[in-house]
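Worksheet: one structure, shown below.
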Protein chains: 2
Amino acid sequence: MKVSIENINKAFESRIRLGMMSVLMANEEVDFKELKRLLQLTDGNLASHAKALEKEGFIEVEKKFIGRKPNTTYRATELGKEEFAKHLEALEQLIKGNR
Amino acid sequence: MKVSIENINKAFESRIRLGMMSVLMANEEVDFKELKRLLQLTDGNLASHAKALEKEGFIEVEKKFIGRKPNTTYRATELGKEEFAKHLEALEQLIKGNR
């Protein structure tokens, strides 16, 4: 029996990151509040996972003001989209292996 | 857009645990050496993840002697099989949502 886990990317291991990347794959860009609402996260949770994904180069973070209010938006990078697609592919192989 | 990550079980988040449970779902029981070889793990890595899965009640650990040699074998519990199947189902939903 061969179980390959090499292509499963440690950077996407947490369900929060799985959720974040899924949202960012389906949307051009999503702001902090929306991402927090969609995934039912705390500010701290979202900020720390976003920082880690940004450090990997998988997402881009833009901070701007809308009127007087600060606004943070996230976007998946091309690298992020590619690596996440590979990660999902590896998960799918593992799932198929469990059938 | 609805991304649900609640059913993704934190106990199976790490790829090592995904690999371990996959092997244990496909085999009645597997010993330490075989699991280590199959997943290319270190002793410490495998032992710590096995301990965590045992604590959750998802695997059973049996320690015995074969001749003079100590032998550790692992088996997925019914609870472990059920919860892992649910986990894979949730991952599959997330993957489908990314299509």
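Proteins come first, then strands; the chains are lettered A, B, ... in the order of their sequence lines, and each starts at number 1.
Distance CG/B:Leu38 to OG/A:Ser4: 11.5 Å, rounded to 0.5 Å. Separation of atoms CD (B:Glu13) and CG (A:Leu18) is listed at 7.5 Å; rounding is to 0.5 Å. Atom CG of B:Asn98 and atom NZ of A:Lys81 lie 12.0 Å apart (nearest 0.5 Å). Once rounded to the nearest 0.5 Å, the distance linking CZ of A:Arg15 with CG of B:Asn9 reads 7.5 Å. Here NE2 of B:His87 is found 8.0 Å from CD1 of A:Ile95. Values are rounded to the nearest 0.5 Å.
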Go through B:Leu88 and A:Leu91 one step at a time and tell me if the side chain to side chain contact (heavy atoms under 4.5 Å, CB included) criterion holds. CA-CA 9 Å; B:Leu88 293 185; A:Leu91 286 180; over 6 Å; no
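The local environment of NZ in B:Lys63 is sparse, with at most 12 non-hydrogen atoms from other residues, nucleotides or ligands closer than 6.0 Å. Counting non-hydrogen atoms of other residues, nucleotides and ligands closer than 6.0 Å to CD of B:Glu28 gives a total of 12 or fewer. Counting heavy-atom neighbours within 6.0 Å of A:Lys64 NZ, excluding the residue itself, gives a total above 12.
Counting heavy-atom pairs closer than 4.5 Å to chain A, the top residue among B:Gln40, B:Arg99, B:Glu89, B:Met25 is B:Arg99.
Across all their heavy atoms, A:Ile5 and B:Gly19 have their closest contact at CG2-CA, 3.8 Å.
For a residue to count as touching a neighbouring chain, one of its non-hydrogen atoms must lie under 4.5 Å from one of that chain's; by this rule A:Phe84 touches chain B with the side chain only.
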